[in-house]
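Computed from a prediction, not measured in an experiment: that's the story for all the values here.
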Amino acid sequence: MKIPSLLSGVALIAFAVAAGAHAHLEKASPADGSVITTSPSNLVLNFSEAARMTALSIQKGDGPKQSLKPLPTAAAQQISIPLPSLTPGSYEVSWRVVSNDGHVMSGTLHFTLAPPHAADQPAEPSAQH
């Protein structure tokens, strides 16, 4: 009776490992929740395994979603997509990928492009007396 229980336990563990083997977003640039001060030229998404991007959009505040294209046609673990020039504000990026095992994964990330601070601007030369 112990062997069937042991086999059931091993099967459950194997299933749990296989179920968790989908492409998950591990890192993004700009990072989720980050505040940046310059408009990034690219969005870079790093996944836990190779995936094929099937949809990608960016939305500023309550504005309309803008599809980001062209999407790469080959599966990759790191996907880099050019971004349009962004203006200060809060952004939401929505993505969808298909992993090599055929599972569709999707998610969102948020970042804020802050306006340049006055302290970051070069000081004007002071008049000497």
Side-chain angles (χ1 to χ4, degrees):
M1 191 94 159
K2 288 184 181 181
I3 291 180
S5 296
L6 180 62
L7 291 176
S8 296
V10 170
L12 284 174
I13 291 170
F15 177 76
V17 170
H22 308 312
H24 297 282
L25 184 65
E26 291 185 329
K27 181 179 169 188
S29 179
D32 187 30
S34 66
V35 177
I36 57 175
T37 56
T38 56
S39 179
S41 57
N42 288 301
L43 171 70
V44 181
L45 303 174
N46 292 290
F47 292 93
S48 58
E49 64 181 62
R52 187 174 54 83
M53 181 72 56
T54 60
L56 184 63
S57 65
I58 190 166
Q59 180 178 12
K60 180 181 178 186
D62 293 331
K65 282 189 177 184
Q66 177 182 353
S67 291
L68 297 175
K69 298 199 184 222
L71 298 178
T73 55
Q77 196 166 354
Q78 182 180 71
I79 298 172
S80 180
I81 304 288
L83 286 173
S85 182
L86 305 178
T87 57
S90 296
Y91 288 87
E92 178 179 276
V93 173
S94 299
W95 55 267
R96 185 177 64 229
V97 297
V98 176
S99 59
N100 284 336
D101 64 5
H103 286 92
V104 176
M105 304 297 290
S106 61
T108 59
L109 63 98
H110 301 85
F111 67 91
T112 300
L113 176 58
H117 298 292
D120 294 338
Q121 301 296 323
E124 292 186 25
S126 59
Q128 294 189 349
H129 296 285

Trainee: Write down the atom of Leu109, the atom of Pro30, and the distance for their closest heavy-atom approach.
Mentor: CD1-O, 3.8 Å
Trainee: Show the nearest heavy-atom pair for residues Glu49 and Ser99, with the distance to one decimal.
Mentor: OE2-CB, 3.4 Å
Trainee: So, taking the atom named CG in Asp62 and the one named CD in Glu92, what distance separates them when rounded to the nearest 0.5 Å?
Mentor: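 It is 10.5 Å, given to the nearest 0.5 Å.
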Trainee: Between Thr108, Leu83, Ile81, Leu56, which is the residue that forms a side-chain contact (heavy atoms from CB on, under 4.5 Å) with Val93?
Mentor: Leu56
Trainee: Got a second to check how far Gln66's CD is from Ile58's CD1, nearest 0.5 Å?
Mentor: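 One finds 7.5 Å between CD of Gln66 and CD1 of Ile58.
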Trainee: Looking only at heavy atoms, what is the nearest atom pair of Arg52 and Thr73, with distance?
Mentor: CD-O, 3.5 Å
Trainee: Identify the two heavy atoms, one from Ile79 and one from Ala51, that lie closest to each other, and give their separation to 0.1 Å.
Mentor: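 Taking Ile79 first and Ala51 second, the nearest heavy atoms are CD1-O, 3.8 Å.
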Trainee: Test your reading of the model: is there a side-chain donor-acceptor pair from Thr112 to the backbone of Val35, 3.5 Å cut-off?
Mentor: no
Trainee: If the condition is ring pair (Phe, Tyr, Trp, His ring centres under 6.0 Å), which residues does His103 pass it with, not counting sequence neighbours?
Mentor: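 Ring pair (Phe, Tyr, Trp, His ring centres under 6.0 Å) list for His103, sorted by chain: His22.
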Trainee: Give me each pair satisfying ring pair (Phe, Tyr, Trp, His ring centres under 6.0 Å) with a member in residues 32-69, each pair once, sequence neighbours excluded.
Mentor: Phe47-Trp95
Trainee: Who are the side chain to side chain donor-acceptor pair (under 3.5 Å) partners of Gln77, not counting sequence neighbours?
Mentor: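 So Gln77 forms no side chain to side chain donor-acceptor pair (under 3.5 Å) with any residue.
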Trainee: State the CG-OG distance between Leu113 and Ser85, to the nearest 0.5 angstrom.
Mentor: 8.5 Å
Trainee: Roughly how far apart are Ser29 OG and Phe111 CZ, rounded to 0.5 Å?
Mentor: 9.5 Å
Trainee: Run the side chain to side chain contact (heavy atoms under 4.5 Å, CB included) check on His110 and Asp32 step by step: do they pass?
Mentor: CA-CA 5 Å; His110 301 85; Asp32 187 30; 4.0 Å; yes
Trainee: Donor-acceptor pair, Ser39 side chain versus Leu86 backbone, under 3.5 Å?
Mentor: yes
Trainee: So which atom in Val98 and which in Val104 form the shortest heavy-atom distance, rounded to 0.1 Å?
Mentor: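 Looking at all heavy atoms of both residues, the shortest contact is CG2-CG2, 4.0 Å.
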